Structure formats: C-alpha cells, structure tokens
> 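My questions will all concern the structure given below.
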Amino acid sequence: MKTLTLACSVAIATLVTGCTGQQMTRGDIQDSRFVGGEVKMVPITADVVSTPAPKAVVPQELLAYKGESYKIQPGDTLIVTVWDHPELTTPAGNQQQAVTNGRLVQPDGTFYFPYAGKLNVTGMTIEDLRSTLTSRLAKYLTNPQLDVNVVGFGSRIALQGAFVDTTPQDVTTVPLTLSQAVGRARIDVAQADLSGLVLTRDGRNYNLDLDALNRDGNVAQDIYLKPGDRLYLPFNDRKEVYVIGEVARPQALTFKTTDVTLTQALGRAGGLNPITSKGEAVYVIRGLEDMGTPQATQGAATVYQLDAKSPVAFALGDKFRLKPGDVVWVGPAGVTRWNRFLSQLLPLSSLVTNAASAQYDLER
C-alpha cells in the first residue's frame with residue numbers, strides 16, 4: 001500500500017507539474033482526470049483550515065465507574081488473623097512470611113479455612129468474608145475476633161503494545177486509574193500512537209485519544225480500571241505522511257499524536273529548499289489509499305495547494321491538519337527544471353560530439 005500510494009502521488013505530482021509549468025493563478029485551479037477518478041485541486045485558505053481540532057470524547061459508562069470495594073477473586077492469597085488463636089492464624093509458624101501463612105483462593109473460587117470449611121468466596125468483599133468466618137467459627141470458639149487481609153492479588157490489568165513495561169499490573173484494594181496504569185507502564189514515546197489507545201472491558205473496545213484528552217493544558221478525567229481490563233497502545237509505524245520533492249530532507253513522518261500540521265511536517269523535513277523549490281507549489285495529495293483496489297471510488301483524490309511565497313502562508317499551514325497517508329509534495333522552481341534538463345542534455349551532447357570526432361578521425 002505504501003508503494004502504491006507513493007507511485008500514485010508521483011503520478012499526480014507529474015500531472016500537477018505539467019499544469020503548473022507557468023505561473024499558476026486561482027483561475028487555473030480545476031479538476032483533472034487521473035486513473036479513472038477525479039483529482040480535485042483546492043487552494044488552502046482560511047475557509048479550508050477553519051475547522052477546529054476534534055475534542056476527545058470519553059464514553060459515559062467509563063466515567064460512571066468509580067471503583068468499588070475490593071471483590072475477592074480466584075488467585076488471591078488471603079491471610080486470616082484469629083486473635084488469641086495462633087494455631088489458626090500462623091500454622092506455619094511466626095517466622096514465616098505472610099504469603100506462606102496465607103491461603104489461596106482456588107481457580108473455582110473456593111477457599112478453605114479450619115472449622116469454617118470450604119467457602120465460595122468469589123465476588124465477596126473483605127467484610128463479607130470476615131462476617132462469614134466469624135459466624136462459622138462461633139460454633140467452636142467463644143466470641144471469635146478475627147481479621148482478613150489480601151496479601152497476594154490474582155486480579156490483573158493486561159498491557160500490550162508500545163509500552164516500555166508490559167508486565168500485568170495487580171488490581172489491589174486501592175482502586176487503579178488509567179493514568180496510574182499508563183504511568184507505571186511508561187509509554188515508548190518514540191514508537192507509540194498516543195491517539196490510538198484501546199481499553200477492552202467485558203468484550204467491548206473503547207478507543208481513547210490520550211493526546212487529545214490532555215491537550216491545551218487539560219488533564220484527563222480519571223478512568224477507573226476493573227479486574228480483567230486490557231490496555232493496548234498501538235505502534236505508529238502504520239500512521240505516516242510522506243514529504244517529498246524540493247525539501248531539505250524528503251522522508252516519511254510518523255504520527256506520535258492525534259495529528260500533525262502541514263507546517264510541522266515541512267519543518268521536520270528541514271523546510272523548503274531555498275534554491276530549488278517553488279514557493280507557490282506546495283501540495284498535499286490526499287485520498288490515494290484505495291486507488292487501484294476493488295474499494296476504489298470515484299472522486300477519491302484531492303490535491304490541496306498552499307501558496308507559500310509569503311511567510312504568512314505558513315500560518316495557514318499551521319492550521320491545516322494532515323491525515324495518515326497524505327503526501328506533501330513541493331514542486332521545483334522553473335530554473336531548477338531548466339538546470340536539470342541541461343544536466344541531462346549535456347552528457348548526451350558530449351556523447352554525440354565524441355562520436356562525431358571518432359568518425360572524423362576514421363575518415364581521415
């Protein structure tokens with residue numbers, strides 16, 4: 001797809017160059033036919049860039065969940081303290097670690113404690129289990145006093161993608177927020193697509209734009225995570241724009257945030273070549289992704305033109321947001337095309353001259 005996109009962009013760039021060999025005015029901007037579809041040329045004006053940046057939206061059901069009292073889950077390790085009865089509290093001895101004296105909640109959600117028997121504790125709160133054990137032990141002990149603590153957690157949040165540390169994070173008795181989980185995992189800022197975070201909960205995917213949520217000094221609202229939630233932060237290697245033509249460093253630029261503007265893209269490519277570039281020939285070629293595929297539609301491609309002869313024009317470029325797959329092409333100045341023609345012509349003329357000289361020497 002990248003090869004197809006670049007090939008199409010070069011073809012359109014050639015078409016645009018042919019149309020703009022002379023000084024181009026707004027009256028010259030018109031539709032052109034290309035690979036069976038319309039190529040619409042649109043000047044970049046204040047009207048084109050007036051659309052405000054999209055605001056991030058967090059689904060209400062995510063904000064409505066504020067965390068809850070910890071619910072015991074399979075895989076938890078519980079330690080039950082029965083005051084004045086160390087044989088029940090620390091059967092392995094006081095010198096052992098708490099986890100050693102703790103008891104595991106089995107995969108089927110059951111938990112065994114002496115004199116209380118086997119209990120199904122999945123979904124119980126700490127207080128629920130304490131009350132149940134107190135009631136069971138009261139049959140054998142006089143006024144039992146006990147406490148319950150979780151010393152090992154079986155509930156976790158899974159992390160995948162462009163994080164530095166993708167180790168699953170425990171869901172503890174203290175509610176865990178999205179910002180805390182992301183902070184602990186640490187984002188790989190060089191490779192992450194901050195606008196593409198996916199939170200999967202109960203089989204449903206929620207798309208969250210971390211960049212937009214924290215844009216312009218705003219701080220994203222807390223989103224509390226639930227046991228079993230999954231976080232996926234995609235890499236940005238498939239989210240690129242291409243800057244080619246008369247710039248200092250033609251290259252493919254990745255999106256690390258929600259968007260990148262035309263001015264930012266030109267700046268990251270080193271700016272326009274002051275010697276070879278044509279200021280009014282800055283183009284953004286859009287809509288090439290589906291060309292040559294069964295999904296291709298008529299009128300797919302649009303070419304936006306920025307007249308960058310004046311530095312003021314870059315204020316418009318700073319408001320023009322690029323999309324993944326866009327191709328930014330800067331055309332050559334007329335003298336550049338002439339010089340390149342001469343550079344190609346001179347070796348040929350030299351070859352003809354040498355051939356003629358050789359023929360003359362033979363005839364002599």
Side-chain angles (χ1 to χ4, degrees), residues 5-6 9 12-13 16 20 23-26 28-29 39-57 187 189-196 209-220 236-289 301-333:
T5 298
L6 289 174
S9 68
I12 292 184
V16 173
T20 59
Q23 181 70 22
M24 184 171 68
T25 64
R26 290 189 179 183
D28 297 323
I29 298 176
V39 178
K40 185 177 182 181
M41 300 189 68
V42 179
I44 297 178
T45 63
D47 294 335
V48 174
V49 301
S50 60
T51 304
K55 294 184 178 180
V57 178
I187 294 174
V189 294
Q191 301 187 63
D193 174 11
L194 297 178
S195 64
D209 187 337
L210 292 179
D211 173 51
L213 287 172
N214 295 281
R215 183 186 292 149
D216 300 327
N218 295 326
V219 177
N236 59 21
D237 55 342
R238 295 187 178 181
K239 194 175 181 182
E240 295 179 323
V241 295
Y242 311 96
V243 185
I244 59 177
E246 304 304 319
V247 293
R249 297 186 298 274
Q251 60 185 288
L253 303 176
T254 56
F255 279 59
K256 297 180 182 179
T257 55
T258 305
D259 55 20
V260 63
T261 67
L262 175 56
T263 299
Q264 288 173 330
L266 291 173
R268 289 168 63 181
L272 277 62
N273 189 311
I275 298 175
T276 63
S277 65
K278 184 177 182 181
E280 62 267 38
V282 177
Y283 299 96
V284 177
I285 306 170
R286 176 172 296 170
L288 301 173
E289 292 296 324
T302 302
V303 178
Y304 296 91
Q305 181 209 5
L306 177 68
D307 187 346
K309 289 183 296 184
S310 169
V312 178
F314 287 98
L316 287 175
D318 195 44
K319 299 296 182 181
F320 187 87
R321 292 185 297 277
L322 300 177
K323 297 181 178 180
D326 281 356
V327 176
V328 179
W329 181 77
V330 179

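Because the structure is predicted, anything quoted here is derived from the model rather than measured.
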> Please report the interatomic distance CZ(F320) to OG1(T45), rounded to the nearest 0.5 Å.
10.0 Å
> Run through V284, L262, V327, L322 and flag the one making a side-chain contact (heavy atoms from CB on, under 4.5 Å) with V241.
L322
> Please name the pair of heavy atoms, one in V330 and one in S277, separated by the smallest distance, quoted to 0.1 Å.
CG1-CB, 3.9 Å
> Show the numbers, then the answer: is there a side chain to side chain contact (heavy atoms under 4.5 Å, CB included) between V328 and L266?
CA-CA 8 Å; V328 179; L266 291 173; 3.9 Å; yes
> Roughly how far, to the nearest 0.5 Å, is the CG atom of D237 from the CD atom of Q191?
8.0 Å
> Looking only at non-hydrogen atoms, find the nearest pair between P250 and I244 and report the distance.
CB-CA, 4.2 Å
> Is V42 close to T302 at the side-chain level, that is, under 4.5 Å between some pair of heavy atoms?
yes
> Could you tell me the separation between the OG1 atom of T276 and the CD atom of E246, rounded to the nearest 0.5 Å?
3.5 Å
> Any chance you could measure D211, atom CG, to L194, atom CG, to the nearest 0.5 Å?
6.0 Å
> Counting distance only, does the side-chain N/O of Q251 pair as donor-acceptor with the main-chain N or O of R249 below 3.5 Å?
yes
> Is there side-chain contact between R238 and P324, with at least one heavy-atom pair below 4.5 Å?
no
> If you measure from CG on D326 to CZ on R286, what distance do you get to the nearest 0.5 Å?
4.0 Å
> Look at the side chain of Q305 and the backbone N and O of M41, then say whether any donor-acceptor pair between them is shorter than 3.5 Å.
no
> Restricting to non-hydrogen atoms, name the atom on A252 and the atom on Y242 that form the minimum distance, rounded to 0.1 Å.
CB-CD2, 3.8 Å
> OG1 of T254 to CZ of R268: how many Å apart, nearest 0.5 Å?
5.5 Å
> Run the numbers on I187 and L210 for side chain to side chain contact (heavy atoms under 4.5 Å, CB included), then give the verdict.
CA-CA 11 Å; I187 294 174; L210 292 179; 4.1 Å; yes
> After noting the C-alpha distance and the side-chain angles of V303 and Y283, does the key distance pass the side chain to side chain contact (heavy atoms under 4.5 Å, CB included) rule?
CA-CA 6 Å; V303 178; Y283 299 96; 3.6 Å; yes
> Quick one: closest heavy-atom pair of K278 and P332, and the distance?
CB-O, 3.5 Å
> Excluding sequence neighbours, so at least two apart, what forms side-chain hydrogen bond (donor to acceptor under 3.5 Å, both in side chains) with K256?
none
> Could you pull out the closest heavy-atom pair between A269 and V243, with the gap in Å?
CB-CG1, 3.7 Å
> Do L253 and V260 have side chains that get closer than 4.5 Å, going by heavy atoms?
no
